[in-house]
Amino acid sequence: MYLDELNPEQRKATNQIDGPMMVIAGAGSGKTKVLTYRIANLIDNGVNSINILSLTFTNKAAEEMKSRISELIGEANSRNIWMGTFHSVFARILRIEHDKIGYPQSFTIYDTIDTKSLIKTIVKEKNLDDKMYKPNFVYSRISSAKNSMISAQAYLRNEDIMSQDKQYGRARIGEIYLEYQNRCFKAGAMDFDDLLFKTNILLKKFPEVLLKYQDKFRYILVDEYQDTNKAQYLIIKALSARFENICVVGDDAQSIYSFRGANIENILNFKKDYTDYKLYKLEQNYRSSSNIVNAANNIIGHNKDQIQKKVWTSNADGNLIKLIKTFSDNEEGKVIAKNILNTKIKENAKNSDFAILYRTNAQSRSFEEALRKLNLDYKIYGGLSFYQRKEIKDLISYFRLAVNNKDEEALKRIINYPKRGIGANSIGKAMLCANENDTSLWDVLSNQNKFGLKINSGTSKKINDFIVLIKNFSKKVENTDAFELADEISKLSGINNELLIDNSVEGKVRYENIQELLNGIKEFSENSKENTDQEEAENDTFATLSDFLIDVALLTNADNEKEEDKDKITLMTIHSAKGLEFPYVYIVGVEENLFPSQLSLGSRSELEEERRLFYVALTRAEKQATISYTISRFRWGNIIACEPSRFIEEIGSDLLEPIENTYTSNRNKNKANSSYKSYTQPSSFNKLKFKKVSSSTTSNLSNATDVSKIKVGINVKHQRFGKGKVLEISGQSPNVKAKILFPSFGEKQLLLKFAKLELL
DNA sequence: TGCCCGGGTGTTTTT
DNA sequence: CACCCGGGCA
């Protein structure tokens, strides 16, 4: 019996069938096991699988859980569980209930590229300064508003928000937000945040819909609860209100998504919402060696904000945490690659046993190069997703437009690709016309006379040809197999030929990518045939292109792992490594201003999130964790000096083992040795740190000695934030902080010893 | 309308 | 360094 594999606390949590419960699960304590076994146990106790909803943060986590559950109780018993990410599950519900909120059934999901493009268009149309209203900035304001369930109308009515925007010279963000929502609606499109926002609206405005889903989802499980934002919190609360069979699992120490609106308060609020809830704490770590667990505990101990728990392990001590110092980022790549190769041989390990984890995607390059040189196979996650590549997005835009003619971003993208002589001028006129008539761009272009669109007859004819082309595709969507139509579109649109005749290396790669996409669609279409055959009573026996598009926007690179990628070294950001584990983990670029990120140094809460991130990184390791830092790094075009991260110090020198690396010791043995020593003597660590700061390469910037010149009221210039005015000075030397107002970035708390301010 | 060149600007993290 | 955008020219 599978329950026998659990420890007492895990079993207690697994055995609770009804009522609200929260599982606080330390890293590596068998959280996924409890979730999967509990679901299996629910079904074994007579709960119908169609009444179970299980929410995760990544598709990968959902897939993993699905397969583990079907191993426990069989595919047939688990097939009907609704299991997926918040976004995919609620997108599915919104498709079913689309008419209630006035959206087409095949509404488009705008990805970040579409979203930013639309914002840019609106800023231009409103003749606003694009320096002040940068798409990224505007998007993040709109996104956090939506994640807090603040509508455009509410945004405009909210005096605090409006005066805040005004203070920073961006008074019209609310206005952009409103127009953005209108445009999305007219285009039959939702962005990522809308999927959660509109679900809330749907459940709030339509009690019968709420009732229907409350009744369906009698048992709800939520993974990574510490990373839910307000919009997600409200959905869960509403859905579980009737039966209160709600099980949330999380770890406050692993909360790393506050930048996306995640709110730790949700964990704390749980006891208020469900006063009779049961709490389970999983504290035994099964994953990592004792040294790794202790190092992680030391790290997290430096955070003030945390729920007390004691993660422990009965595993052996294992190795110390290895520490590698290098002179440059390129050397860091070489040393790590070599270390992996040596370890592989010595320990008889596989490629897939290794992971290199970094803070930012941009760091991957030196590792890719070095691994390639040593013939070590690697796979890289993140960065540009397959579906965001230009050629893929172009072809998918044709699919999107065929399925949803109103999709403005898709239309703008392809109306003149491949070139058909429809220029920006004509499209500009048409957009203006669409705005004036409060309708979609498609509507105007396909009824040019009706709207009195004035463009020359040649262009007008070309537009008509394009409209006819798309209409012909649209006609086929409902009754043609996805692959068949996709293949036809790739040819008739001209994309296939465009890339085929491009003989450059990039052109060939693009062509191959298109073929890969088509193959993917073929597979998708064949798979869904099989599935529908089993579930009799389904009318449509084939998958349409619109079926395919449903979740494409929500897929990431991690979601279509290929068989040949199984035994490869993993390169990824720490954020995407959450939930994973590897025998050998390399945490690289562990330097001040990179990890913790420069942008997080302004406040304690942001710094603590970086620390939790480091905690997550360390606890991915089973046998061996290796940390590396470099003293110089190539960053935006020039070489900058770096200093080791404070997190290294926080681990404690007794758990660290500096290791020689051949590159360093050959070059300058004495130097290398002396700085390693500083880790065994924490007192000299500080000296080293300050010396590094003042030897910064940028000579015209102030360093630690200039701190005294920075006073309230003076104007300063910051490397990143630009010009700003000092509002307030606080703290004791050497930790003097200044509150500075930057017109383009808002108020920032900066530690002067790091801030590198220029006096103006 | 389309292409090439130069300058300006920018990097957390993700569904 | 790498990308995007705008301006100038074919």
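In this text the structure is predicted, and so the values were computed from the model without any measurement.
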Rounding to an integer number of Å, can you tell me how far A/Ile640 CD1 sits from B/dT11 P? 16 Å

Distances under 3.5 Å between protein N/O atoms and the N/O atoms of nucleotides 1-4 of chain B, please, pair by pair.
{"from": "B/dT1", "atom 1": "OP1", "to": "A/Gly423", "atom 2": "N", "distance (Å)": "3.4"}

Between A/Asp191 and A/Lys146 (salt bridge meaning N to carboxylate O under 4.0 Å), is one present in this structure? yes

Whole-Å gap separating P (C/dC1) and CZ (A/Arg365): 8 Å

Out of B/dT11, B/dT13, C/dG6, which nucleotide sits closest to the side chain of A/His575? B/dT13

Report the distance from atom CG of A/Leu580 to atom P of B/dT13, rounded to the nearest whole Å. 17 Å

Round to a whole Å and report the spacing from CD1 of A/Ile113 to C1' of C/dC4. 14 Å

Centroid distance under 5.5 Å and plane angle under 30°, A/Phe57 vs B/dT15: no

Start at the 5' end of DNA chain B and walk down; is the nucleotide closest to A/Asp193 or to A/Asn136 reached first? A/Asn136

Take atom NZ of A/Lys230 and atom P of B/dT15, then tell me their distance rounded to the nearest Å. 24 Å

Roughly, in whole Å, what's the span from CG in A/Leu195 to P in B/dT14? 19 Å

Annotated structure of DNA chain B as dot-bracket, pair cut-off 3.5 Å, Watson-Crick or G-U only, | for inter-strand, is ||||||||||.....

Test of understanding: with ring-ring contact (aromatic ring centres under 6.0 Å, His included), list the residues that count as partners of A/Tyr417, not counting sequence neighbours. none

From the list B/dT11, C/dG6, B/dT9, which nucleotide is the closest neighbour of the side chain of A/Lys131? B/dT9

Give a yes/no on whether any side-chain N or O of A/Asn361 is located under 4.0 angstrom from OP1 or OP2 of B/dT13. yes

Spacing of A/Glu609 atom CD relative to B/dT14 atom C1', expressed in whole Å: 12 Å

Does A/Arg95 make a cation-pi contact with A/Phe107, if we ask for NZ or CZ under 6.0 Å from the ring centre and within 45° of the axis? yes

Quick one: which of B/dT15, C/dG6, B/dT14 gets closest to the side chain of A/Lys124? C/dG6

Could you tell me how far apart A/Arg260 (CZ) and B/dT13 (P) are, to the nearest whole angstrom? 13 Å

